[in-house]
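Each remark here refers to the structure printed beneath this line.
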Amino acid sequence: MTTRDPLIPDERVDALRIATPPGWEAVALADLHATMSDHAHAEKKAALAGLSLLNAEPERDDLVARMAKLAREEIRHLDQVLGHMRARGWSLRPDRADRFARALIAERRGGRGEAALCDRLLVAALIEARSWERLNLLGMALAEAGEDELAAFYVELARSEAGHYRVFVDLAASECPGEDVAARLGELAEVEAAVIAALPHEPRIH
Ligand SMILES: [Fe+2]
Ligand SMILES: [Fe+2]
């Protein structure tokens, strides 16, 4: 496993156990159309997941308000990625199965209680955290390739995903007072690191 540091540290993201193994960004850049199409779908799925959580927990006022705002931001990201793709003459491709997210979702405790809600929030947090790291890596690689405008877009987007990580971790703490949120986040972060270490490098966000 690699131990390289994320290129742009963000004090809000404290959960990731490992950095992406070297070489991913070269693969992502080599088929940027595929990477950006996958990224667009990732933003779409983030918006849908936020709305699904809102739908499942209608009486948690703070959660509902935060998910409405998050979904709006993810839809804006989707719109922006599609705009950058359109500028290059690139269409959206079909959504592909997301092994990374699926592996994390499989770790969530089930049922309708606080434990299930806690895991749902913390898995969402970890997906945001990894997105933050990957978008930063992509932004830095784009800058090196002379794609300054797109690089700036990705670095700005990464900052937004770091904020989303914080939203989900804070919600887990406030909505699940009976759970040891820090301990559970640590457990799930270990799983996330193992999943990331095992994934092949592909032209997709994760
Ligand atoms: Fe986003
Ligand atoms: Fe996000």
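Both ligands and their constituent atoms are indexed starting at 1 by order of listing. Bear in mind that the values here come from a model prediction, so they are computed numbers and not experimental data. These numbers come from the heavy atoms of this one structure, side chains and all, not from hydrogens, waters or symmetry mates.
Considering only residues two or more places apart in sequence or on other chains, Arg88 meets the side-chain contact (heavy atoms from CB on, under 4.5 Å) condition with Leu32, Trp90, Glu147, Leu150.
Angle ND1(His77) to the Fe ion (ligand 1) to OE1(Glu74), rounded to 10°: 100°.
Figure legend: Arg159 and Trp132 shown without cation-pi pairing, the cationic atom not lying both under 6.0 angstrom from the six-membered ring centre and within 45 degrees of its axis.
When the N, O or S atoms of His164 are ranked by distance to the Fe ion (ligand 2), ND1 comes first. Within Glu128, the N/O/S atom positioned nearest the Fe ion (ligand 2) carries the name OE1.
Looking at heavy atoms from C-beta onward, Arg60 lies out of side-chain contact with Arg66 at the 4.5 angstrom threshold.
At a cut-off of 2.8 Å, Glu161 coordinates the Fe ion (ligand 1) through an N, O or S atom. For a distance bound of 2.8 Å, the N, O or S atoms of Glu43 include one lying that close to the Fe ion (ligand 1).
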### Task
Report the C-alpha separation of Arg204 and Asp98 in whole Å, then their side-chain angles, then the decisive distance to 0.1 Å, and conclude whether the side-chain contact (heavy atoms from CB on, under 4.5 Å) test is met.
CA-CA 9 Å; Arg204 54 187 306 160; Asp98 187 340; 4.0 Å; yes

### Query
Is there a side-chain contact (heavy atoms from CB on, under 4.5 Å) between His206 and Arg99 once you walk through the steps?
CA-CA 8 Å; His206 39 57; Arg99 274 184 289 170; over 6 Å; no

